[in-house]
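Read the structure below first, then the notes.
We number each residue from 1, following the sequence as shown.
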Amino acid sequence: MHPTATRILPAVGDADLAHALTGLLNRLPGTEPQPPIGNSTSLLDLLAALGSESVAGLPEVVLVHERIGPRPALEVVREIALRFPAVGTVLITGDASPAVYSAAMDSGARGVLPLPVGYDDLAARVEAVAAWSTGVRRHLGPGESPFGAGRGGTLVTVTGAKGGVGTTLTAVQLALAAQASGRETALVDLDLQTGDVASFLDVQFRRSVADLAGISDLTPGVLQDAVFAHESGLALLLAPAEGERAEEVTETAARQLLTALRARYDAVVVDCGAHLDAAGAAAVENADTALLVTTPDVVAVRGVKRQVRLWDRLQIRKAEDTLTVVNRHTRSTEIQPPLIARITGTRVARTTVPAGFKELQGCLDSSRMHELDSKGAVRQALWALAGEAGLVGGERRGADGDRTGGSRAALVPAQTPGSAPPTGKGLVPYGARGTLTTRRRRRGPAGEG
């Protein structure tokens, strides 16, 4: 490739349009067209791979067709703008009305091309966007971007089979374990109506997740202003104090927020509570590890089964890609982890968390769960679980902000030692299927958050 050539990556799901667009791009002088990408998942994965070393590896221009799929085109444009700020995106659409143009600009597009695409329009738009991209890269310097390229930190979600099974306790301790291991860690409370992370950690706060939901340009500075710096070292992003504000945190807002957090932090732990909403669904779908917390009783185990069936129907995550955590476990109970795995079809964590009411009571009463006794059985079990979930070890940022290598603990289900960690890859993205409220079933399992 000529050193000054403009790299153009078309993302077009329609074969005829891809062929026509390739022909036009090959006629543009001073350009290096890339092979077309047929879907949004492959597009984002390719950009992450190209930008893993430096911003210089990324194309200057990405053309996104309105029917790229499986994720909505504007959502893809927004994620590219957030994760790869030096890449200029152009939306190709059959509806170039002012409303669509405005929506594209709000999502971070640098231009709109109406269908059918003409040579002159394409040449003018590519030239303008390429010049903008080159200027941004010159300003950033070699290999730099505001958030950094690539997928980012480890994302782990914690969901309850029902209310009261220990979801928040688990999320808090997992985050503390990750932070203590040297990884910059964010703890997010997406139990938007009844979240208790602030109460567990003795926090008085003003900003919440809802305050970021309406911001289309989540820069590192905006993000930093919203998080609460806890004395433990955790960066907290908390549920709104007013439960009615939960509806402000849409699926799109949650995706954008989690993408920004993963780019900024080595580890992101999300407390999703026990009630499924659009924001929690987006988090579970995109998680590297999705934990389901249960207690060893019939009601809770039925809750696990109900939850994973709901996730499967909504095409959020499959049962075998879910890691079930057994809390308040005793050897005498009839329901043991292998039985839970058999009933629910999920993986079950090797680490079980013992019942330890006396150990927890003092910290619960004082709202100082970060001061839980390090010698106690509950804390030791939860911190061991952090290793299974990939939160302890792995890459972390050094003193200069770069990520440094390390081994990542594998997730191993109790019934199949040596299994690989579950991920959401291969699933149809939730966003491609519409919003949660348009589903036939509109609510998840009942119970407190």
Side-chain angles (χ1 to χ4, degrees), residues 154 156-161 163-189 191 195-205 228-236 238 265-271 273-274 289 291-297 300 323-333 336-337 348-394 396 409 411 414 448-449:
T154 303
V156 173
T157 57
V158 185
T159 305
V165 296
T167 308
T168 300
L169 169 67
T170 302
V172 167
Q173 290 300 318
L174 291 179
L176 288 169
Q179 180 69 29
S181 74
R183 308 183 80 186
E184 288 191 78
T185 304
L187 174 59
V188 185
D189 196 344
D191 186 1
D196 281 328
V197 168
S199 297
F200 272 53
L201 295 174
D202 193 23
V203 170
Q204 300 294 324
F205 65 99
F228 182 93
H230 190 256
E231 62 185 85
S232 63
L234 291 177
L236 304 180
L238 301 164
Y265 296 95
D266 299 317
V268 180
V269 179
V270 183
D271 180 355
T289 305
L291 302 181
L292 254 178
V293 182
T294 186
T295 46
D297 57 82
L323 189 69
T324 298
V325 179
V326 183
N327 188 26
R328 300 172 199 153
H329 174 262
T330 65
R331 293 183 179 181
S332 61
T333 184
Q336 292 293 322
V348 175
R350 291 173 301 178
T351 305
T352 57
V353 184
F357 297 103
K358 291 183 179 179
E359 179 184 340
L360 300 174
Q361 195 62 55
C363 291
L364 283 172
D365 291 343
S366 63
S367 297
R368 307 280 294 178
M369 194 51 65
H370 51 291
E371 295 178 351
L372 195 62
D373 185 3
S374 61
K375 297 180 181 179
V378 172
R379 204 196 88 154
Q380 288 186 357
L382 288 170
W383 283 41
L385 177 64
E388 283 196 64
L391 288 167
V392 175
R396 59 186 184 278
L411 293 173
E448 300 174 2

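Between the NE2 atom of H370 and the CG atom of D202 there is a distance of 7.0 Å, given to the nearest 0.5 Å. Interatomic distance, L382 CG to T351 OG1, rounded to the nearest 0.5 Å: 9.0 Å. A distance of 11.5 Å separates CG in L169 from CG in D196, rounded to the nearest 0.5 Å. Annotation: the span from L176 atom CG to L391 atom CG amounts to 11.5 Å, rounded to 0.5 Å. Between atom CG of residue D266 and atom CZ of residue R183 there is a gap of 5.5 Å, rounded to the nearest 0.5 Å. L187 CG to F228 CZ: the interatomic distance, rounded to the nearest 0.5 Å, is 12.5 Å.
Between H230 and V203, the closest heavy-atom pair is CD2-CG2, 3.6 Å. Minimum heavy-atom separation, S181 to V392: CB-CG1, 3.9 Å. Of all heavy-atom pairs between P354 and V378, the closest is O-CG2, 3.6 Å. Shown here for T167 and G160, the closest heavy-atom pair between the two residues is OG1-CA, 3.1 Å. Taking each heavy atom of A274 and G163 in turn, the nearest pair found is CB-N, 3.9 Å. Heavy atoms only, all atoms of each residue included: R368 and E371 are closest at NH2-OE2, 2.6 Å.
Counting only distance, with no hydrogens or angles, the side chain of Q173 and the backbone of M369 share a donor-acceptor pair below 3.5 Å. A donor-acceptor pair under 3.5 Å is absent between the side-chain atoms of S332 and the main chain of T330, judged by distance alone. The main-chain N or O of S232 is never found under 3.5 Å from a side-chain atom of Q179 such that the two would form a donor-acceptor pair. Not one N or O on the side chain of D271 forms a donor-acceptor pair closer than 3.5 Å with the backbone of A171. Put simply, the side chain of S367 gets close to the backbone of S199: a donor and an acceptor are under 3.5 Å apart. A donor-acceptor distance shorter than 3.5 angstrom exists from the side chain of N327 to the backbone of V165, with no hydrogens or angles considered.
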- Given side chain to side chain contact (heavy atoms under 4.5 Å, CB included), test T294 with L292 step by step and report yes or no. CA-CA 7 Å; T294 186; L292 254 178; over 6 Å; no
- Message: Working note: L372 + V172, criterion side chain to side chain contact (heavy atoms under 4.5 Å, CB included); need CA distance, chi angles, decisive distance, verdict.
- Response: CA-CA 11 Å; L372 195 62; V172 167; over 6 Å; no
- Please lay out, stage by stage, how V269 and L234 fare under the test side chain to side chain contact (heavy atoms under 4.5 Å, CB included). CA-CA 10 Å; V269 179; L234 291 177; over 6 Å; no
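With L291 as the partner, the side chain to side chain contact (heavy atoms under 4.5 Å, CB included) test is satisfied by one option alone out of T159, T157, L174: L174.
Contacts of D373 classified as salt bridge (Lys or Arg N to Asp or Glu O under 4.0 Å), with partners at least two apart in sequence or in another chain: none.
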